[in-house]
Every structure is written in C-alpha cells, then in structure tokens.
Undergrad: 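Quick one: this structure, given as structure tokens, is what I'll be asking you about.
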Amino acid sequence: MRKVIIAGNWKMNHSVSEVLTFFSTLSEKRKDLEALENIEIIIAPGFPLLAYAQSLAEDMNLPLKISAQNMYYENKGAFTGEVSAEMITPFCSHVIIGHSERRSLFFDTDEAINKKAHQSLSSQLTPIICIGESEAERDSNQTLDVVHSQIKKSLKDISDIEVSKVILAYEPLWAIGTGKSASTDQAQEVHQSIRSYLSELYSPQIASNIPILYGGSVKESNCSELLNCPDIDGALIGGASLEASSFVSIINKIKYFSK
Ligand code: PGA
C-alpha cells in the first residue's frame, strides 16, 4: 500500500512572519490533522526558513515533514550561492528536484537532476523528482515520450533499493500556476504510463510502491477527483498551499483516501 502524500511547494513565498502565521493557523486546526494514518504532509519553504519551519513544527507538535525546494549536487566547495545536501539535512527530510521552474529559469538539466537525485539519496534525503511536458509537447503528442525520457535520465544508475525511496511528481508545465489543471483522464493516462514505464525499468513490484504525485493547479475544488484516480498518489501544490486554511481544506478532502 502506498501513502497519500500532500506536499506544499511555497516557491519564493513567505517571510518569517508569514511562516509563523501559517504554522499558528495549522496549530489551531490541529484536530483536522490528527489521526492521519495513511497520509504524509510535507511543506517546502525557502532555504533560509527551513530551520525555522522545522522548529515550529516540532514545538507545535504538528504531524508534517519539511522539504527543501532544491539543492546542489556537490557537497562542498567553490560554488557561490549554492546549497548542499549536507547543509540542509539537519532541517528537512525531503528535497524537490527538477521542478519545471528550476529546469526552465535556472537551466537544471536532466544530467544535473540525476546527480542531485544520487546526492540526495546518499544524504538520506527523500527526493521528489519532478517531470512534465510543455503545452507544445502535449499538442504534438509527445507527452509520454518526454516524460519517459525525463524519468530515464533522472533515474540513471539509481538502484532498485534506492528507487524505492524516490517520490515522483508529474507536473504538466501548462497546468502550473495557470489555474488550468489536467483533467482526470489526462492525468491518470500519464500516471499509469509512468507506472508501467517504471515496471519496465525496475519491476512491477517496485513500480507499484513508488508514489507518483500530480501537480499543477491542484485546489480544494479538484483535489478529490484527481486523487480518486488509481495511479495518482498525492499532490504537489503551489498556490493553494500558501494559505493554511486552503491547505487544510485539501487535506480534509482526501485524508481518508487509500492507494
Ligand atoms: P501550482 O504549482 O499548484 O500553483 O500550479 C504547483 C507546482 O509548481 O509545484
């Protein structure tokens, strides 16, 4: 059985005071977060706020994990402005790797994403590896080829044992931040194809245990139908994760789903 995973990607949002407001509201709504057995909740703040978010979650006894939004693949050295796995591991358990904004705005290549995946796994950080096609690629029927190629390259030389610790997130670029989510048919088709491609690369048993999240304009109004799809195991949420009340509403809608 796979866990349902709800991850909030805050991107470059939330100052110290906003983080406090978010966690205080979450704490007020803690009843909604109690007894969540089959669901994992993850919040990904910006680098400087990881330690603060982690200590607030601990102090308020909130059942959630903290993720970074990126990292560099070298562990130390002359890489001005970069942040290593070693620097973040005391403050988080997960790291988002290869988000489409990193790929398009900061030139993260599949090769770099693969190196980051290796480094995160050897640093005991769970990578959330993002993949997804552009609108032009979808329009020219290349979605599955693009996604399979991203998976193959980002998981290069990752062993059966290591891949069992990986989380994948399918995020079609045209759905990110646009308010226009993939339909359940579109999302399920890609998720199912990802799972069968993982079966080919690894084994059906391994593939059936890898969580595959959907991301792209997930909100309260569409989360249930998306999470109802058999191969969608959770959501990576940007905009709708910024306000604690909308994030908790999403959790409330899907917290008794099982996969
Ligand atoms: P969105 O972002 O929910 O605002 O579309 C998702 C993401 O980029 O991870």
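Order of listing sets the numbers, starting from 1, for every ligand and every atom in it. FYI, side chains are in, hydrogens and waters are out, and symmetry mates aren't considered; it's all heavy atoms of this structure.
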Undergrad: Among His191, Arg2, Arg195, Gln192, whose side chain to side chain donor-acceptor pair (under 3.5 Å) with Asp231 holds?
TA: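 Going through the options one by one, the only one that passes is Arg195.
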
Undergrad: Give a yes or no answer on whether the side chain of Arg102 reaches the backbone of Ile96 with a donor-acceptor pair at less than 3.5 Å.
TA: no

Undergrad: Fit a plane to each ring of Phe23 and Trp10, take the angle between them on a 0 to 90° scale, and name the class: parallel (under 30°), tilted (30 to 60°) or perpendicular (over 60°).
TA: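 If you compare the ring of Phe23 with that of Trp10, the planes turn out perpendicular.
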
Undergrad: Taking any residue with a non-hydrogen atom under 4.0 angstrom from an atom of ligand 1, which ones do you get?
TA: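 Ligand 1 is contacted, at a heavy-atom distance under 4.0 Å, by Asn9, Lys11, His99, Glu171, Ala175, Ile176, Gly177, Gly216, Ser217, Leu236, Ile237, Gly238, Gly239.
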
Undergrad: Can you confirm whether Glu111 is buried at CD, in the sense that more than 12 heavy atoms of other residues, nucleotides or ligands lie under 6.0 Å from that atom?
TA: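 Atom CD in Glu111 is not packed in, count stays at 12 or less.
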
Undergrad: Regarding Glu171 and Arg103, does a basic nitrogen lie under 4.0 Å from an acidic carboxylate oxygen?
TA: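 No.
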
Undergrad: Step through the shown structure and confirm whether more than 12 heavy atoms of other residues, nucleotides or ligands are within 6.0 Å of CD on Glu225.
TA: yes

